[in-house]
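Values below: every heavy atom of this structure, side chains too, minus hydrogens, waters and symmetry copies.
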Amino acid sequence: MHEENCVFCKIIRGELSSKKVYEDDETLAFHDINPIAPVHVLVVPKRHISSVMALTDDDAALIGRIHRTIREVATVTGVAETGFRVITNTGPHGQQTVFHLHYHVIGGRQLSWTM
C-alpha cells in the first residue's frame, strides 16, 4: 500500500531517484539528500505508514525488520564499530516533514548533543 503523493512512496516505486544503501522485501535504505553528517541514511518501510503513532501491534515484525536494516546500514556505511544515532521524528512538533515512517541513521563523526 502506497500513498500517491508521498515522496518516499515515489522513491520506493522508482518514480524518484535515490542513492540506495540497502533493500529487502519490506524496507529500503537510501542516503538523505540533505545530510547532517558524513553518514546520513534514511530507513523506510516499503508499506506506507504515516508515523510511529500509526503503528499497530500487527507491525511488530516490521519494526524488527527495520532494526535489522538499520544494523545492515551501519555495517555497510562503516559506522557499526564507532557508533551512530537513530532518530525518527513524529508529528509537526517533532519536526517530521515527510509523513512516511522513517528512521535517520546518522554517524561518521563524533556527534554532539545539540539538535
Side-chain angles (χ1 to χ4, degrees):
M1 169 174 30
H2 297 285
E3 293 289 323
E4 183 178 335
N5 294 316
C6 171
V7 67
F8 291 165
C9 288
K10 288 180 180 182
I11 290 170
I12 292 163
R13 290 192 304 261
E15 296 171 7
L16 294 175
S17 65
S18 69
K19 188 175 173 189
K20 291 182 186 177
V21 175
Y22 176 82
E23 182 174 15
D24 62 31
D25 291 343
E26 295 183 78
T27 66
L28 175 65
F30 53 93
H31 289 276
D32 192 296
I33 61 170
N34 294 309
I36 63 170
V39 172
H40 189 165
V41 175
L42 302 177
V43 175
V44 302
K46 288 186 173 179
R47 179 169 50 92
H48 184 85
I49 301 170
S50 61
S51 76
V52 166
M53 297 308 296
L55 290 166
T56 69
D57 291 346
D58 292 337
D59 293 317
L62 175 62
I63 295 305
R65 177 66 65 99
I66 288 169
H67 279 260
R68 186 174 357 155
T69 298
I70 289 168
R71 288 193 321 264
E72 183 68 26
V73 166
T75 300
V76 168
T77 60
V79 298
E81 295 299 320
T82 57
F84 56 97
R85 187 173 291 162
V86 178
I87 300 169
T88 186
N89 302 325
T90 304
H93 284 194
Q95 296 298 314
Q96 185 177 7
T97 57
V98 177
F99 289 86
H100 184 121
L101 179 63
H102 60 286
Y103 296 81
H104 299 258
V105 178
I106 300 167
R109 65 171 168 78
Q110 178 63 59
L111 300 174
S112 70
W113 286 106
T114 308
M115 295 193 99

### Message
Quick check for you: to the nearest 0.5 Å, what is the distance between Leu101 atom CG and Thr90 atom OG1?
### Response
7.5 Å
## Note on the structure
One should read off an interatomic distance between Leu55 CG and Ile49 CD1, to the nearest 0.5 angstrom, of 5.0 Å
#### Entry: Residue pair Gly94 / Asn89: nearest heavy atoms and the distance that separates them
O-CB, 3.0 Å
### Query
Do you know the tightest heavy-atom contact between Arg65 and Asp25?
NH1-N, 4.4 Å
### ring-ring contact (aromatic ring centres under 6.0 Å, His included) pairs, two or more places apart, involving residues 41-95
His48-His100
### Query
Would Phe99 and Leu42 show up in the same hydrophobic cluster when neighbours are defined by side-chain heavy atoms closer than 4.5 Å?
no
### Path from Ile66 to Val41 over hydrophobic side-chain contacts below 4.5 Å
yes
### Query
Should Val39 and Tyr103 be counted in the same cluster of Ile, Leu, Val, Met, Phe, Trp and Tyr side chains packed under 4.5 Å apart?
yes
### Task
Check the hydrophobic clustering (I, L, V, M, F, W, Y; side-chain heavy atoms under 4.5 Å; chains of links allowed) and say if Val21 and Val105 are grouped together.
yes
#### Entry: By salt bridge (charged side-chain N to carboxylate O under 4.0 Å, His left out) - contacts of Arg109 (at least two apart)
none
### Query
With hydrophobic residues grouped by side-chain heavy-atom distances under 4.5 Å, do Val86 and Leu62 end up in a single group?
yes
#### Entry: Val44 backbone acceptor or donor facing Thr27 side chain under 3.5 Å
no
### Query
Using 4.0 Å as the upper bound for N to carboxylate O, is an ion pair formed by Asp24 and Arg68?
no
### Task
Report the residues that fulfil side chain to side chain donor-acceptor pair (under 3.5 Å) with Ser17, sequence neighbours left out, ordered by chain and then residue number.
none
## Note on the structure
NZ (Lys19) and CD1 (Ile33) are apart, to the nearest 0.5 Å, by 13.5 Å
For residues 70-81, please give each side-chain donor-acceptor pair under 3.5 Å, one per line with the distance, not counting sequence neighbours.
unit_1 : atom_1 : unit_2 : atom_2 : d
Thr75  : OG1    : Arg71  : O      : 3.1
Thr77  : OG1    : Val73  : O      : 2.7

Let me have the donor-acceptor pairs involving side chains of residues 1-14, under 3.5 Å, with sequence neighbours excluded, atom names and distances please.
unit_1 : atom_1 : unit_2 : atom_2 : d
His2   : ND1    : Lys46  : O      : 3.4
Arg13  : NE     : Glu15  : OE2    : 2.8
Arg13  : NH1    : Glu3   : O      : 3.4
Arg13  : NH2    : Glu4   : O      : 3.1
Arg13  : NH2    : Glu15  : OE1    : 3.1

#### Entry: With Asp32 via salt bridge (charged side-chain N to carboxylate O under 4.0 Å, His left out) - residues at least two apart
none
### Contacts of type ring-ring contact (aromatic ring centres under 6.0 Å, His included), residue His40, not counting sequence neighbours
His104
### Query
Taking all atoms of both residues into account, what is the closest heavy-atom pair of Gly107 and Ala37, and its distance?
O-CB, 3.4 Å
